[in-house]
Number of protein chains: 2
Amino acid sequence: MGYKIKSRIWIESENNVLLGEGRVHLLKAINDTGSLSKAAKSLNISYKKAWQLLDSVNKSAKKPVTINSIGGKGGGGAELTEYGKSLIKAFDEINKNCWAFLDEQLSKIEQL
Amino acid sequence: MGYKIKSRIWIESENNVLLGEGRVHLLKAINDTGSLSKAAKSLNISYKKAWQLLDSVNKSAKKPVTINSIGGKGGGGAELTEYGKSLIKAFDEINKNCWAFLDEQLSKIEQL
DNA sequence: AATCGTTATATTTGGTAGGGTATAACGAAA
DNA sequence: TTTCGTTATACCCTACCAAATATAACGATT
């Protein structure tokens, strides 16, 4: 008893990562803040890292996940597309299902 | 189309890792070779890393996973206990089941 | 007691992923 | 045309982790 089973899942498209937990966190933060730089701050990661993550997400997705605007009112910003929002939702669902599935499987170890 | 879902699972006991894919590979190699140093060579990892992995496995397991002998015929060696063998088997099973489960879940992303 | 190939461990060396910093480009609004 | 806070990108630099190296300890066999 006392064992825990943990997991990391991610989705790839031809050797680029589309979505993982970090990327999903970032997308949620973008949705909350309306900008990539604010999202980076709220997650305590550098803007550079956040930008690299978001860039790779948008490059490997079939449709745009965010719309980024440079300049203009407030300097610009980033917001999720409907596709982006649905991706987050689907990923979270899969992740939760996976946890539940694995928790049940763990008994195979504990009963040894 | 074209998306792949990948996963890493591991089992912890009070914040130490008991088993993960790397550790399972190592245990299998120990089983095949009869020694930790040979196992490390066959996996192209340093002996040190292999030793650290094995040490942490044995420290976090309830019962010994390997029996290591120093000195003696052939200098010593390491071999899996029955408990160790059953751990490997259970982990592999869980992992395979997880892959199958996730592959089926992936449709949630692909149909978006 | 000498040999051997291990396990076990400390110390040093090196490669690289990531952070820090700087700056260009941008466009709406005043 | 100036200001502003963004997005976007290049460059250096360092902190960390992993690898390499060295060496002690060990015990069956001869």
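Every heavy atom of this structure was used, including side-chain atoms; hydrogens, water molecules and symmetry mates were not.
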(request) Would you please say whether a donor-acceptor pair under 3.5 Å links the side chains of B:Q105 and A:N97? (result) yes
(message) Just to be sure I understand the geometry, which residues of residues 27-56 of chain B put a non-hydrogen atom under 4.0 Å away from DNA chain D?
(response) B:K48, B:K49
(message) Looking at A:K41, I'd like to know if its NZ atom is crowded, meaning that more than 12 non-hydrogen atoms belonging to other residues, nucleotides or ligands lie closer than 6.0 Å.
(response) no
(request) Flag the pair A:K85 and A:E82 as a salt bridge only when some basic side-chain nitrogen lies within less than 4.0 angstrom of an acidic carboxylate oxygen. (result) yes
(message) So if I take residues 67-74 of chain A and measure heavy-atom distances to DNA chain D, which residues fall below 4.0 Å?
(response) A:N68, A:S69, A:I70, A:G71, A:G74
(request) Hey, could you give me the CD1/CG distance between A:I9 and A:N95, rounded to the nearest 0.5 Å? (result) 4.0 Å
(request) Answer yes or no: is there a side-chain heavy-atom contact under 4.5 Å between A:K96 and A:W99? (result) yes
(message) Regarding A:D55 and A:K59, does a basic nitrogen lie under 4.0 Å from an acidic carboxylate oxygen?
(response) yes
(request) Anything under 4.0 Å to a heavy atom of chain B counts; send over the first and last such nucleotide of DNA chain D, read 5' to 3'. (result) D:dA19 to D:dA28
(request) Determine whether B:N68 and B:L54 make a side-chain contact, defined as any pair of heavy atoms from C-beta on separated by less than 4.5 Å. (result) yes
(request) Indicate yes or no: at least one non-hydrogen side-chain atom of A:L80 is less than 4.5 angstrom from one of A:I88. (result) yes
(request) Using a strict 4.0 Å threshold on nitrogen-to-oxygen distance, state whether A:K28 and A:D92 make a salt bridge. (result) yes
(message) Do B:T81 and B:T66 have side chains that approach each other closer than 4.5 Å (heavy atoms only, starting at C-beta)?
(response) no
